[in-house]
Amino acid sequence: IVCWNALLSAFALKGQLEEAKRVFYAMPQWNYFSWNLMLSAYVKKNLIHDALELFLRLDEQDTVTRNTMLSGFGQSGDIDRAKKLFDQMPEWSLVSWNSMLAAYAHVGDLSSTLKVFETMYCRDLFSWTTLLAAWSQTWNLEESKKIFDAMPERNLVSWNTLLYAYAHFGHIYEMEAFLSEMPEKSLVSWNILLAGYGQRKKFKAASSVFNNMVQRDSISWNQMLGAFAQKGYLLEAVRFLDRMPKLGMASWNTLLVAFAHNGHHCTALDLFSVMLLNGFEVDEISLICVLIACSRAGRFQRARVFFHSIQTDF
RNA sequence: ACUCUACUUUGUAAU
């Protein structure tokens, strides 16, 4: 069973859901590890309904099982279910508390986040960083800085969290100052810088960061694409697509938004058709972009038709 | 037993 689980975990943790499922159902028997791995595979893909279905079918659950489900509810923003599960748990580990904390932080419920944080019997780096992340979604950057300074210990993620707060709200000067104090930087740090420069339309700074990055992931590329889009450099953005190693839904949506916001409504609609024709995944963001494009182009009829088709087609 | 928790990319919040 350990071998089966090892195989299962290889797929489950890599996000290879179909393969994981195949292994899971082919196994001669299961234990907690198998269940938790499979559950975690669903949660990682944000397939909360599938996760819940599996969760309810399990006759035995341990703390890890419940924590996994709890974090699934949290990341999907289902606070009610998260809270209910948390309250019903026979015992709580620090991870349970941290997951509940993250659930509140995720939906921006600061007072509940703080209440949980204060109730916790002990706190670790995760707890503190989650608290910091909750506050970093607000304009109150001074308060975030206070939390950061109050932390008993910090790691790269904590640094990145506050760095992102500066970037996200366009405080470029503080962002740069903070960056220079960072003891180490990761790919995420540079991606955050790209976000900050992009947000303030500092295209040159963004591309200079981008060109100097030793490693780039799809987020870096999308971020840079977004920097073109922010500036309204649509032609360049399209040309940039050719250089991108991998195009995903976020890339297409970025373009969709760029077209919709720069008066190229028809192009946006065309792009959407191309996405559908090619069988690309679309999500609710793509759909909203299309509605915005329609309304800005004055194509109310088309918007209405489209709106109705959403309910049937998607 | 590499089973669970924190950081980065796309939309909306006008009166």
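Below, chains carry the letters A, B, ... as their sequence lines are ordered, and counting in each starts from 1. Heavy-atom basis, side chains included; hydrogens, waters and symmetry copies ignored.
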Which whole-number value in Å describes the distance from Asp62(A) CG to rA1(B) C1'?
14 Å
The nucleotide from rU9(B), rU3(B), rU8(B) with an atom nearest the side chain of Ala250(A) is rU9(B)
Name the closest nucleotide to the Ser40(A) side chain, picking from rC7(B), rC4(B), rU8(B).
rC4(B)
Of the listed nucleotides rU3(B), rA6(B), rU10(B), the one nearest the side chain of Asn253(A)
rU10(B)
Answer with base, sugar-phosphate or nothing: what part of the nucleic acid does Thr68(A) contact at a heavy-atom distance below 4.0 Å?
sugar-phosphate
Side chain Asn155(A) and base rA6(B) donor-acceptor under 3.5 Å:
yes
Relative to each other, are the rings of Trp97(A) and Tyr121(A) parallel, tilted or perpendicular (30° and 60° limits)?
perpendicular
Asn67(A) CG - rA6(B) P separation (whole Å):
11 Å
Flag side-chain contact, heavy atom, 4.5 Å: Met182(A) against Ser189(A):
yes
Taking the side chain of Asn191(A) as its heavy atoms from C-beta onward, which of rU5(B), rG11(B), rU8(B) lies nearest to it?
rU8(B)
Val64(A) and Leu39(A), any side-chain heavy atoms less than 4.5 Å apart
no
Compare the minimum distances between each of rC4(B), rA6(B), rU3(B) and the side chain of Phe126(A), then state the nucleotide with the smallest one.
rA6(B)
Counting the atoms with a prime plus P, OP1 and OP2 as sugar-phosphate, which does Phe33(A) contact under 4.0 Å by heavy atoms, base, sugar-phosphate, or nothing?
base
Are Trp30(A) and Tyr25(A) packed together at the side-chain level, in the sense that at least one heavy-atom pair is separated by less than 4.5 angstrom?
yes
May I ask you to evaluate whether Tyr164(A) reaches the phosphate of rU9(B), defined as a side-chain N or O under 4.0 Å from OP1 or OP2?
yes
Atom pair distance, as rounded to whole Å: CG in Leu271(A) and P in rU10(B)
17 Å
Quick one: is His261(A) getting a side-chain N or O under 4.0 Å of the rU12(B) phosphate, OP1 or OP2?
yes
Could you work out which one of rU8(B), rA1(B), rC4(B) sits closest to the side chain of Val2(A)?
rA1(B)
Rounded to the nearest 0.5 Å, the CG atom of Asp217(A) sits from the CG atom of Asn191(A) at a distance of 5.0 Å
How many whole angstroms separate atom CG of Leu287(A) from atom C1' of rU12(B)?
13 Å
Rounded to whole angstrom units, what separation is found between the CG atom of Leu247(A) and the C1' atom of rU9(B)?
13 Å
Which nucleotide, rU3(B), rU8(B), rA6(B), lies nearest any side-chain atom of Asn36(A)?
rU3(B)
Using whole Å, report how far CG of Leu39(A) lies from P of rU3(B).
15 Å
May I ask you to verify whether the side chain of Asn5(A) and the base of rA1(B) hold a donor-acceptor pair under 3.5 Å?
yes
Round to the nearest Å and state the distance from His106(A) atom NE2 to rA6(B) atom C1'.
13 Å
Are a donor atom and an acceptor atom from the side chains of Tyr197(A) and Gln223(A) found within less than 3.5 Å of each other?
no
Whole-Å distance, Met38(A) CE to rU3(B) C1', equals 13 Å
Using a cut-off of 4.0 Å on non-hydrogen atoms, how would the nucleic acid contact of Val257(A) be classed: base, sugar-phosphate, or nothing?
sugar-phosphate
